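Naming: A, B, ... by sequence-line order, numbering from 1 per chain. Keep in mind that this is a model prediction, so the values were computed, not measured.
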Amino acid sequence: MEYDFRRIEKDWQKKWKESNAYKVENDFSKPKYYVLDMFPYPSGAGLHVGHPLGYIASDIYSRYKRLKGFNVLHPMGFDSFGLPAEQYALDTGQHPAVTTKKNIATFKAQLDNIGFCYDWGREVQTSDPQYYKWTQWIFLQLFNSYLDQEEQKAKSITELIKTFEEEGNPKPSTSNIKPFTAGEWKNFDEKTQQDILTQYRIAYCGYGEVNWCEALGTVLANDEVVNGVSERGGYPVVKKTLRQWYLRITAYADRLLNGLSTVDFSDAMKEMQSNWIGKSSGAEIDFKVGSRESGVGSALRVYTTRPDTIFGVDFMVIAPEHELVEQITTTEQKTAVEEYLTYVKSRSERERMAEKKITGVFTGTYALNPFDGREIPVWISEYVLAGYGTGAIMAVPCGDERDHKFAKHFNIPITNIIGSHYNGEEANPTKEAILENSNFLNGLVMKGAIDVVINALEERGIGKRKVNYKMRDAAFSRQRYWGEPFPITWKNGIAYALEENQLPVVLPPMDEIKPGKDGEGPLSNNEAWLQSPFFGGGRGESSTMPGYAGSSWYFLRYMDPQNEKEFCDRKISDYWNQVDLYVGGTEHAVGHLLYSRMWTKVLFDLGLIGFDEPFKRLLNQGMIQGSSRFVYRVHGSNKFVSAGLKDQYSTDHIHVDVNIVDGVELDTNAFKKWKNSEFGNAEFILEDGKYICGSEVEKMSKSKFNTVNPDDLVAKYGADTFRMYEMFLGPVEMSKPWDTKGIEGVHRFLRKFWRLFFPPSEASSNARGQGEALIISDEEPTTAELKVLHHTIRKIENDTERFSFNTAVSAFMIATNELTDLNCHKRKILEPLLILLAPYAPHIAEELYSLLRKVSPPAAGGALEGASILNAPYPVFEEKYVVENSKQYPVSVNGKLRTTLNFPLAATQEEVEKLILQNAIVQKWLEGKTPKKIIYVKNKMINVVL
RNA sequence: GCCCGGGUGGCGGAAUUGGUAGACGCAGCAGACUCAAAAUCUGCCGUUCGCAAGGAUGUGCUGGUUCGAUUCCAGUCCCGGGCACCA
């Protein structure tokens, strides 16, 4: 019988579906394992071969864990709110709900084609009101909570109100609030009270500088802005002050950082996250300032990580936006300063980043070194950022490269406090130097002096120890339509939470989706909805939540997807607990992964779940790049010249569809028909009778004609071949260009594997060299056969556990080759092998397994017919089968391999040495000398050392 | 500029982390079966000397540690990724 993968795969996919084979029960009696893929955004383009890489890996691992006896949760869903659907709607007039639904159907069909073991009964879609009801509910928890600084724990805002009522707020944790007493609190009006609470809420609405993208008509979070342009679309982004919703993620900075040590992420991923959080510790120091004429006035507060260099401060720099700019500018410098500020405003964010010029202006004012009273000029420069630290720095040119360049540029004298470590040409940021010219710090090593200075500052009350973070609070509103509406109602300029029973606040259908006035979202055009009765007499919020809202908690909903009373039952989340294995790309390093980690921590603090890190282990799959092909058209003609000859002509290069190129050789007939025969009258200048294309590795995308659709490959070779080939390409973590060529090899292997069951014979073998009859013997296996099996069990188990799927595929190939050579058709070997293969190639394994079970008796017991390989007992590795009777050891002399000798296992060390020394080849290389010692390496080889 | 990865045949990639480098697959060459093709099978396949047996050499480059280095150390050159005025 032929390996008819089309029939087999169709049959089994149907049977699995009908029998609900992948349904997952919340069976608390079994050990659990949670495998999660980053759910896709259902774009209109459908899947290309790059997408399933991670899905295949997680599917293999899920099936493997299931065979190992775990209750495995391996769900799939769709991140179906988001910008592209809305952009598409603006362009085509199609409603996002319609296109999203269509795209999801395409995605599901494509995924099912590959044979994944998802329990679709647990599917979630973030744009489904039954789902986003709970996104809104969790938002309300964020809105109604604050972070208790002392306990570093989120608590209900009502507790904070109670504290204010009883004790007031003598020491506010933020400088935005003045201290108040309990009595004062009670006398504040509603607006004042709410404004104060806003400073504490974890989700809050406030004015702030945001990234505004005019082209997209919305604000963006910091991680959605790359090099001054929007991540999506590459449109310019400007800073703008607007009323926005925020998540107070900064309050969780320390916990997000510390939590990294408890999870198994790659070092690169951890580093990206900790860089983004950007914790640094140092000190805030107050410098008295005032112009010479006016005398000493207010204090200028700076932040520094290097207080030890305090005596090397030669000038101060404040950001152009700093609040003291006006106050400290002297009359004679006024014009110069104003000119400079105008110049700074004229420069866009992008220009500032692209060309880093040394610019600045002197304010005319001097600050006093708090220790020795030395006068230090205060400058203004754009290289100091208003948003970080205090927006002002103390500049130490001998130790900081930027300060050094600035000092050289403006001829500011440089004080050397590090002796020979400073060469006068370049700053040296060392911490190891012994301090000079540094008053009471002279003679101290710099890194030791840091604490000495901070203590001195704190004693004199002129500074304090301070930790700073680069991370900012995350902008949480978008001026868009296709997102979750806020469960918020505005009354008299105050945001109030809606009651739980008002949820979900359903996104109203709108005929036309276009931006509103004054930077408001499309919902602002729907005043009727904004004034709906469920907003309780207030006005609804016209912006919607960002794409990351729904994806920050979806892994919890899979556990209990149909629950109408809660986002997830606590007993159920206690059972499934953390995601044991999370598979996805690195592109979400500082977005989704940080937000979901934060939400988890809040939910944990509020006692709603029992763990504070969502993902125990993260596996980053690499990107599959496209391998583009080019043809070269001779300028102004319809002649196309082969790549090797193109230098003789002046040519344009044109992307050509990779699917009509075999390797690098163009199918010229297909090319003429391509794009509705746009090149129908093309002529070719060939080399060696062939047209050779140019090639380049690029991102896979439709516009580059380098995408390969998995559906085509599945149709041609089958899902099992496709799955194994994607794994065989190389390690999952690695990025690599797609190359369809090798898929034949994997397909050949599966056919060869099939022949172990349907061996060719004289009497009957079909066109593909496969026998017509299933041949299976119940004979006892030979030692050699058992050795192959148990080697393979060990190898597959090890490789699967460490996600080395490529080497596992190789191991299957080796086993198949060896068993073919041994002419082995024994059930006791082949049945366990099928079970090993099942996670990788489930369809062929299930087919052959069911065929075996139709002929008695099964090797491992159990039901004869109707048993599925999905629940088969995983084969157990037994060491005894791979142990040898006599052993061959390679023997080297001085590390160089010289020969291989056979030793009886029972031989004593003396006998072994005698055998070695008597050997003619060894004697030749010993050249008559006596060896110093003989090294036995780990049961692997023997080395004779001269 | 700073911080991570990584450089192994014609190609994708193995090597249980200090112990026979190049597994497995692709491509290539030669052969068997066939009228022929497809399919299948067998052999060869880093470089170099040699008819061969067998040597020598070889994991970006230069050194070092070791009986022994793709693996460890120092320096250096490329490639990929991340961050980038964060004081």
Side-chain angles (χ1 to χ4, degrees), chain A residues 227 266-272 274-276 278-280 282 302-306 309 317 352-353 356-358 381-385 387-396 399-403 405-406 429 468-472 586 589-590 622-623 663 697 725 728-731 733-746 748-749 751-752 755 760 765-770 794-795 798-799 802 804 806-814 816-817 820 888-900 931-946:
Chain A
N227 290 329
S266 69
D267 289 344
M269 177 62 64
K270 287 186 179 182
E271 204 188 283
M272 270 190 248
S274 59
N275 281 347
W276 183 261
K279 182 177 181 170
S280 70
V302 301
Y303 174 70
T304 178
T305 54
R306 295 296 302 275
T309 61
V317 189
R352 241 167 109 158
M353 280 193 223
K356 286 167 191 163
K357 286 195 265 185
I358 301 170
S381 173
E382 58 179 336
Y383 88 88
V384 171
L385 306 175
Y388 183 76
T390 60
I393 62 156
M394 55 179 230
V396 183
D400 183 283
E401 195 49 45
R402 294 155 303 181
D403 298 346
K405 283 191 177 137
F406 193 88
N468 258 326
Y469 301 94
K470 283 192 218 173
M471 187 167 66
R472 300 278 91 101
T586 47
V590 294
M623 258 224 296
V697 173
Y725 182 57
F728 187 64
L729 279 174
E733 300 95 324
M734 192 187 278
S735 289
K736 56 235 155 190
W738 177 261
D739 174 18
T740 303
K741 275 231 144 162
I743 199 168
E744 295 274 359
V746 176
R748 233 168 261 161
F749 146 69
R751 285 212 305 267
K752 191 165 184 177
R755 279 202 303 276
S765 67
N766 65 16
R768 286 175 176 262
Q770 290 153 341
R794 181 169 59 183
K795 179 83 177 137
N798 281 342
D799 286 353
R802 59 188 181 106
S804 180
N806 55 330
T807 52
V809 175
S810 297
F812 283 121
M813 292 176 172
I814 295 167
T816 305
N817 289 342
T820 304
Q888 275 204 336
Y889 285 104
V891 177
S892 38
V893 179
N894 266 357
K896 277 231 181 303
L897 178 75
R898 294 306 175 190
T899 186
T900 306
K932 243 188 244 164
K933 55 178 171 178
I934 297 177
I935 301 172
Y936 303 86
V937 184
K938 282 197 220 161
N939 238 353
K940 269 206 160 163
M941 68 176 297
I942 293 163
N943 190 19
V944 181
V945 181
L946 279 177

Visitor: Roughly, in whole Å, what's the span from OH in A/Y388 to P in B/A84?
Guide: 13 Å

Visitor: Whole-Å distance between B/G58 C1' and A/K896 NZ?
Guide: 10 Å

Visitor: For a quick test of reading the model: is some side-chain N or O of A/R898 closer than 4.0 Å to OP1 or OP2 of B/U20?
Guide: no

Visitor: Whole-Å distance between B/G80 C1' and A/K736 NZ?
Guide: 14 Å

Visitor: On RNA chain B, does the nearest nucleotide to A/M941 precede the nearest nucleotide to A/Y383 from the 5' side, or the other way round? Give the residue.
Guide: A/M941

Visitor: Can you tell me the distance, in whole Å, between the NZ atom of A/K933 and the C1' atom of B/G68?
Guide: 11 Å

Visitor: Whole angstroms only, please: what is the CZ-P distance between A/R306 and B/A87?
Guide: 11 Å

Visitor: Using the P atoms only, state how far B/C73 lies from B/C29, rounded to an integer number of Å.
Guide: 44 Å

Visitor: Which glycosidic conformation, syn or anti, is assigned to B/G10 if syn requires a torsion within 90° of zero?
Guide: anti

Visitor: Got a sec, which residues hit side-chain hydrogen bond (donor to acceptor under 3.5 Å, both in side chains) with A/E401, two or more places apart in sequence or on another chain?
Guide: none

Visitor: Would you call the rings of A/Y725 and A/W738 parallel, tilted or perpendicular, where under 30° means parallel and over 60° means perpendicular?
Guide: perpendicular

Visitor: Residues in side-chain contact (heavy atoms from CB on, under 4.5 Å) with A/K932, at least two apart?
Guide: none

Visitor: Does B/U17 adopt a syn or an anti glycosidic conformation, taking syn as a chi angle within 90° of 0?
Guide: syn

Visitor: Just the atom pairs and distances: protein N or O near nucleotides 21-29 of chain B's N or O, under 3.5 Å.
Guide:
from: B/G25; atom 1: OP1; to: A/N817; atom 2: ND2; distance (Å): 3.3
from: B/C26; atom 1: OP1; to: A/R748; atom 2: NH1; distance (Å): 2.6

Visitor: Give me the distance, rounded to whole Å, that separates B/U70 from B/G6 when you measure between the C1' atoms they each carry.
Guide: 13 Å

Visitor: Check whether any side-chain N or O of A/S735 sits under 4.0 Å from OP1 or OP2 of B/G80, and answer yes or no.
Guide: no

Visitor: Once you round it to whole Å, what is the distance between C1' of B/G19 and CD1 of A/I934?
Guide: 16 Å

